[in-house]
Amino acid sequence: MAVATGSASVDEAAQKAPQPPVRRRQWWKSKSAIAAYIFIAPYVVFFMVFRVLPAIYGIGLSFGEYSLAGAFEFIGVDQYVKLFDDPVFWDSLWVTLRYAAIAMPLTVVLSLAIAQLCNRMMRGMAFYRSIFFLPAVTSPVLSGLIFVWIFSESGPINRLLSAVGLAPISWLQDSFWVLPALALVSAWMNFGYNMLILLAGMLAIPQEYYEAASIDGANAWQRFWRITLPSLRPALFFVLVLETVKSFQTFDTIFVMTGGGPVRASYTLTFMLYDQGFGYFDFGYASAVGVVLLIIALVFSLIQRRLVGRDD
Amino acid sequence: MSATHDLPQATAPSPRRTNAPMPAQRQLIRARRLVPMHALLVVVAVVTAFPFYAMVMIAFQPGQAIVLPDSMFPETLSLAAFQDALNSQNIPQWALNSAIYSIVSVVIVLLFASMAGYAFAKKRFAGREVIFWVFIAMLMIPYHLTIIPQYLIVGQLNGLDTMWGMIAATIANAQAMFLMRQFIYSIPDEMLDAAKIDGASEFRVYWSIVLPQTKPIMATLGTFVFLWHWNDFLWPMISQQSPENYVLTVGLNTLQEQQVPLATMMAAAVVSFIPTLIIFILLQRYFVRGVMMSGMK
């Protein structure tokens, strides 16, 4: 990784550079080092207090009971025992997995198709790309509010359905359709961002590959399947993992659009965490859900390491 | 970022290109293929832009049941919903809160991240590697796990329901510091050394030599941080209890719960979207650069 090589070469450069004869043991007392500590101090303080400490604290909380009075009592793995016995947890894990299984492929396939569509020189392309990118900078709350109306009983989608003679669907009140509807919102919000990442990958593919393939008689589909997709592997894996992690952590749109309903049909793990934490103020139990989310995130980044690491 | 795929072919003839169509013929084929291509792109663009169009249309037609396709191009536009939103609700206060939350955060994040990034890129000090890797490792921790402890810690510091408490918890941004460090790393050491030989103080080197060079990454990061904060929802909702302290996203959500007329809510939504749109139009290329950087690890 660039991080490691970067730091190493800084060290080498610093060692090779003709330095004033400061004794090795005391170099950290040098003016430059003291200045460095001053420069990193504000960042490190805020980082320790509001990131590192909460992460440790969060894992710690999951092994205890936190009362509203503020007293913390260590109870070992009891929260996890309770969690694994709780049908609500398994239901929400199942909802989360189903949501991810719809949202992630939908978003990635859409992103890839539109990146491919945008990967050519032509008049007006910059304009199209801007339009496609606009949802990615829109707040999830705003997107949610608009889509509540779009999916409503007399909203545009149901109008479209009745125009072609189909029965309207109560998208957000139907436990079958609520997850696909939410996944559609996620696809709308995220495809522009992924499209850019995939487009950057596509632009890096040497044009000669396509020329050679065309001369050998490969059609557009074969060129996409045999050249574009394999060359795009790193960017595609990045997008896949990003979207997977995002879909496991979706909260804002669900909160605004369905509130976890109907009857917990869109009650994801993040929703359970929020509910336990800020609905019932059961911080220990909520933190146990958070640790489960952490483990899921770790597993997926390990998978990404593996798959991408093998490639290059 | 414009694709220049077709250009090299035209200028670099290879021996195998003899079978290729003649230029005039090729142009014709391409022109004919352009029509379905544009048609496809227009369809995708219309579908993508429709929610924005719907939002604006509803906001301009207060008091009417919004039906489609009858009112796709309404004959009358009314500003009443906007007046309603700006007068009767807390919306101006919320917009101000959102602006303070976003702008103050951008300034502090850029300052702290560039200071730390400079030290990590150009200075040697004990513990540098350890601290840096702790920062990177924290990127793996899901936000939702840390939000409860964050709430408790800000509460301990008496920062709940205050602007500073809301800002303080969000400014330690590891990605921002990481991007800054990568960028400052590429500034030549000679430049910094020359300034030091000329007698510049440590702070002077940072302020007058390093900082002016970071303008491109400042623009990229600033755009990101502004939009993150402007669009942020969960943390402001949890940390702010009084309605007058809400930010726009949180306020908008409560409007929905209060059964405010749809047109008024959409007018407020339009108002909340305007800064995003302005930032997007003005700083689009910086944002695009940032996204592309994140894809090329």
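Residue numbers begin at 1 in each chain, while the letters A, B, ... track the order of the sequences. Note: hydrogens, waters and symmetry copies are ignored here, and every other heavy atom, side chains too, is used.
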At a heavy-atom separation under 4.5 Å, does [X] approach chain B through its side chain, its backbone, both, or neither?
X        : value
A/Ile114 : side chain
A/Ile150 : side chain
A/Phe191 : side chain
A/Val239 : neither
A/Phe300 : neither
A/Phe278 : side chain
A/Leu145 : both
A/Tyr274 : side chain
A/Thr270 : side chain
A/Val291 : both

Find the one option among [options] whose heavy-atom pairs under 4.5 Å with chain A are most numerous.
options                      : result
B/Phe112, B/Phe287, B/Tyr118 : B/Phe112
B/Tyr151, B/Trp230, B/Tyr143 : B/Tyr151
B/Glu257, B/Met266, B/Met37  : B/Met37
B/Ala268, B/Ala169, B/Ala54  : B/Ala169
B/Gln256, B/Gln156, B/Lys196 : B/Gln256
B/Leu234, B/Thr276, B/Leu152 : B/Leu152

Atom group of [X] that falls short of 4.5 Å from chain A, counting heavy atoms:
X        : value
B/Ile141 : both
B/Thr223 : neither
B/Phe273 : both
B/Ile238 : side chain
B/Ile108 : neither
B/Leu111 : neither
B/Leu248 : neither
B/Asp232 : neither
B/Val42  : both

B/His38 and A/Tyr128: side chain donor to acceptor below 3.5 Å =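 Looking only at side-chain atoms, A/Tyr128 and B/His38 do form a donor-acceptor pair, the distance falling under 3.5 Å.
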Taking the six-membered ring for Trp, are B/Phe203 and B/Trp207 parallel (under 30°), tilted (30 to 60°) or perpendicular (over 60°)?
->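 Taking B/Trp207 first and then B/Phe203, their aromatic rings lie parallel (interplane angle under 30°).
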Using the six-membered ring wherever Trp is involved, compare the ring planes of A/Phe133 and A/Tyr193 and label them parallel, tilted or perpendicular (cut-offs 30° and 60°).
->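 Ring orientation of A/Phe133 relative to A/Tyr193: parallel.
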Do the side chain of A/Arg51 and the main chain of B/Met138 share a donor and acceptor less than 3.5 angstrom apart?
->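 Such a contact is absent between A/Arg51 side chain and B/Met138 backbone.
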Donor-acceptor contact present, side-chain A/Tyr210 to main-chain A/Ala220, <3.5 Å =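 Checking the backbone N and O of A/Ala220 against the side chain of A/Tyr210, no donor-acceptor pair under 3.5 Å is found.
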Please identify each residue that fulfils ring pair (Phe, Tyr, Trp, His ring centres under 6.0 Å) with B/Trp235, with sequence neighbours left out.
->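 Counting only residues at least two positions away or on another chain, B/Trp235 forms no ring pair (Phe, Tyr, Trp, His ring centres under 6.0 Å).
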Any pair with a residue in residues 285-297 of chain A that passes side-chain hydrogen bond (donor to acceptor under 3.5 Å, both in side chains), sequence neighbours left out, goes on the list, sorted by first then second residue, please.
->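 Residue pairs passing side-chain hydrogen bond (donor to acceptor under 3.5 Å, both in side chains), neighbours aside: A/Asp86-A/Tyr285.
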Does A/Phe255 have its ring centroid less than 6.0 Å away from the ring centroid of B/Phe233?
->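 Yes, close enough.
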Between B/Phe120 and B/Phe178, is the ring centre distance below 6.0 Å?
->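 No: the rings miss the under 6.0 Å criterion.
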Can a salt bridge be assigned to the pair B/Lys123 and B/Glu202 using a cut-off of 4.0 Å between side-chain N and carboxylate O?
->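 B/Glu202 and B/Lys123: salt-bridged.
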